[in-house]
A.B. asks: 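Just passing along the structure, written as structure tokens.
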Number of protein chains: 2
Amino acid sequence: MEGTENSPARERVLTVAERLFSERGYATVTLQDIAGQLGMRKASLYNHAPGGKEQLYVEVMERNLARHQHGIEAALTGAEPRTLRAQLRAVSRWLLSQPAINVARMQRIDMPEITPEHATRLMGAAYQALMVPIERAVEAAYRRGDIRFVNGALVAGIFLTNIEAIRDLYQYDAPEIPLEVVVDDAIDILLDGLHRR
Amino acid sequence: MEGTENSPARERVLTVAERLFSERGYATVTLQDIAGQLGMRKASLYNHAPGGKEQLYVEVMERNLARHQHGIEAALTGAEPRTLRAQLRAVSRWLLSQPAINVARMQRIDMPEITPEHATRLMGAAYQALMVPIERAVEAAYRRGDIRFVNGALVAGIFLTNIEAIRDLYQYDAPEIPLEVVVDDAIDILLDGLHRR
DNA sequence: CCCATACAACCTAACGTTTGTTAGTATTGT
DNA sequence: ACAATACTAACAAACGTTAGGTTGTATGGG
């Protein structure tokens, strides 16, 4: 019943908490929300997460970010053909397959609610997991001569927040068009720009 | 002391509430936060906002959005020269001069916390104030032959969330570069794309 | 084979705080 | 004087959290 071991029940708790925290943020999600989705009482959560809410949040977000890092890197290296466009499309598919996460929203909304130590650690992990791999792919595309020189971190931030924004605004924008089509359009705009050629 | 009249003290309350709600969202901001910034007790807020928290949030966000609509439209019509690039730059300057607002975050985080009627009304106003003017400018640029055919709503959503994401991630990305420079880079990427020409 | 033990997983009950909210009272400025 | 504006005090509800009890299931000894 220690925090590090993984029983099946604990795994269910972590999975639900991860999805809710990732999608709706720290303060908005209550322990009742998590317990409710599991069909149990909030007090029972302390069997699986004795550290309480904030520690559960940090642990589960680090898990989320670690999985994202693997998923994104796999998408980047496995994309065929080896172009930035195919890579970004592959990453977008990975992101859409996961609970919504938004690094900018984490920074602005969630971090002020937790310990500064936890906040700096989490944001460091978020940067490393989400931004850095894409940053590297952008810089590699530049060295290949495929794209012009740009701020890699800027492009990574733009790309990531665009995917999540599209997911959020989807029902308003274009409920009839498949989500993947809209995402691919956004990637095309990022690569080719709005201007005529 | 009715909700519609505007005393100077009430104005101060609305201004602070607007900034906090806009930047950090509905659930994260407590009435104590607002009262604290005004140097008063939370109960005193009910002199100026008798409708309570949710009504204050809706009222103040509608105000915020109405001002944004004017500011954005003014930026669009006043931009010189009359190019999409100059227009988007002008709009970005307006956005940076205002409290941070993020329509995608509103949709995902704030709307589930309030009445469905309030939510649909607010999101309608947000769309009308933030998205539609930019959408129109994009379509006008297309009719001028300056840009290729694109989904105007998609471009508007991308542009708006990019500006706010840059603001959020600024301290991580590039604390030494002026914020306006980074924003202009993002606009250039949106217009010209990453690819070489 | 049966019973005792143990442990995991959930429960109820209660706690101290914080939140939004209401009522009544004091203070301030004109 | 009289509004406008702020206060204190208190409320119910919701929050995170702790303590202790109940259940089911598996393990192991006699």
Side-chain angles (χ1 to χ4, degrees), chain A residues 1-18 20-21 23-61 109-115 117-119 122, chain B residues 1-18 20-21 23-61 109-115 117-119 122:
Chain A
M1 132 247 243
E2 191 53 35
T4 50
E5 67 173 301
N6 267 5
S7 71
R10 175 174 150 85
E11 200 61 34
R12 284 207 327 138
V13 171
L14 295 186
T15 303
V16 168
E18 183 183 315
L20 290 180
F21 280 139
E23 290 182 340
R24 291 181 12 221
Y26 178 69
T28 310
V29 173
T30 73
L31 294 184
Q32 294 209 68
D33 292 335
I34 301 173
Q37 295 236 351
L38 292 161
M40 61 172 70
R41 311 273 152 174
K42 56 178 177 172
S44 305
L45 292 176
Y46 282 80
N47 288 315
H48 311 286
K53 188 188 185 187
E54 176 163 337
Q55 200 164 113
L56 174 62
Y57 171 76
V58 173
E59 175 182 353
V60 98
M61 289 304 282
I109 311 290
D110 295 340
M111 294 307 103
E113 306 280 324
I114 65 179
T115 311
E117 294 77 34
H118 279 159
L122 250 190
Chain B
M1 136 244 246
E2 190 55 34
T4 50
E5 66 173 301
N6 265 6
S7 70
R10 175 173 149 86
E11 199 62 34
R12 284 207 326 140
V13 170
L14 295 186
T15 303
V16 168
E18 183 184 315
L20 289 180
F21 279 139
E23 290 182 341
R24 288 177 20 216
Y26 178 70
T28 309
V29 174
T30 73
L31 294 186
Q32 294 209 68
D33 292 335
I34 301 172
Q37 295 235 351
L38 292 160
M40 61 172 68
R41 310 273 152 175
K42 57 179 176 172
S44 307
L45 292 176
Y46 282 80
N47 288 316
H48 312 284
K53 188 188 184 186
E54 176 164 339
Q55 202 163 111
L56 174 62
Y57 171 76
V58 173
E59 175 183 352
V60 97
M61 289 304 281
I109 311 289
D110 295 341
M111 295 307 103
E113 306 280 324
I114 66 178
T115 311
E117 295 78 32
H118 278 160
L122 249 190

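FYI, side chains are in, hydrogens and waters are out, and symmetry mates aren't considered; it's all heavy atoms of this structure. Sequence lines set the chain letters: A, B, ... in the order given, protein chains first and strands last, and positions in each chain run from 1. For clarity, every value in this text was computed on a predicted model and none was experimentally measured.
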A.B. asks: Send over the distance from K53(B) NZ to dA14(D) C1', rounded to a whole Å.
C.D. replies: 12 Å
A.B. asks: Is the backbone of Q32(B) close enough, under 3.5 Å, to the side chain of T30(B) for a donor and an acceptor to pair up by distance?
C.D. replies: yes
A.B. asks: Would K53(A) count as a cation-pi partner of Y26(A), with NZ or CZ less than 6.0 Å from the six-membered ring centre and within 45° of the ring normal?
C.D. replies: yes
A.B. asks: Counting just side-chain N and O atoms, does H48(B) come under 4.0 Å of either OP1 or OP2 of dA6(D)?
C.D. replies: yes
A.B. asks: Select one nucleotide: of dT22(C), dA6(D), dC10(C), the one nearest the side-chain heavy atoms of M40(A).
C.D. replies: dC10(C)
A.B. asks: Could you state the atom-to-atom distance from CD of E113(B) to P of dG20(C) in whole Å?
C.D. replies: 11 Å
A.B. asks: NA contact type, S44(A), heavy-atom cut-off 4.0 Å: base, sugar-phosphate, or nothing?
C.D. replies: base
A.B. asks: D33(A) has an atom CG; how far is it from atom C1' of dA14(D), in whole Å?
C.D. replies: 11 Å
A.B. asks: May I have the distance from L38(A) (atom CG) to dA8(C) (atom P), rounded to whole angstrom?
C.D. replies: 19 Å
A.B. asks: Taking 4.0 Å as the cut-off, does a side-chain nitrogen or oxygen of S7(B) come that near to OP1 or OP2 on dT5(D)?
C.D. replies: yes
A.B. asks: With sugar-phosphate meaning primed atoms plus P, OP1 and OP2, does G51(A) contact a base, only sugar-phosphate, or nothing at under 4.0 Å between heavy atoms?
C.D. replies: nothing
A.B. asks: Does the pair D33(B) and R24(B) meet the rule for a side chain to side chain contact (heavy atoms under 4.5 Å, CB included), with working shown?
C.D. replies: CA-CA 11 Å; D33(B) 292 335; R24(B) 288 177 20 216; 3.0 Å; yes
A.B. asks: Expressed in angstrom and rounded to an integer, what is the separation of R10(B) atom CZ from dT5(D) atom P?
C.D. replies: 10 Å
A.B. asks: Quickly work out the R41(B) CZ to dA26(C) P distance and round it to whole Å.
C.D. replies: 17 Å
A.B. asks: Report yes or no: does Q37(A) contribute a side-chain atom to a donor-acceptor pair with the main-chain N or O of V16(A) at less than 3.5 Å?
C.D. replies: no
A.B. asks: Rounded to whole Å, how long is the line connecting atom OH of Y46(B) with atom P of dC11(D)?
C.D. replies: 17 Å
A.B. asks: Give a yes/no on whether any side-chain N or O of Q32(A) is located under 4.0 angstrom from OP1 or OP2 of dA14(D).
C.D. replies: no
A.B. asks: Please state how far atom CD in E11(B) lies from atom P in dT5(D), giving the value in whole angstrom units.
C.D. replies: 12 Å
A.B. asks: Are there over 12 heavy-atom neighbours, none belonging to Q55(B), within less than 6.0 Å of that residue's CD?
C.D. replies: no
A.B. asks: The side chain of K42(B) lies closest to which of these nucleotides: dC15(D), dA6(D), dG20(C)?
C.D. replies: dG20(C)
A.B. asks: Using the side-chain heavy atoms of A43(A), tell me which of these nucleotides is nearest: dG20(C), dA13(C), dT5(D).
C.D. replies: dA13(C)
A.B. asks: Tell whether N47(A) reaches the base of dA9(C) with its side chain through a donor-acceptor pair below 3.5 angstrom.
C.D. replies: no
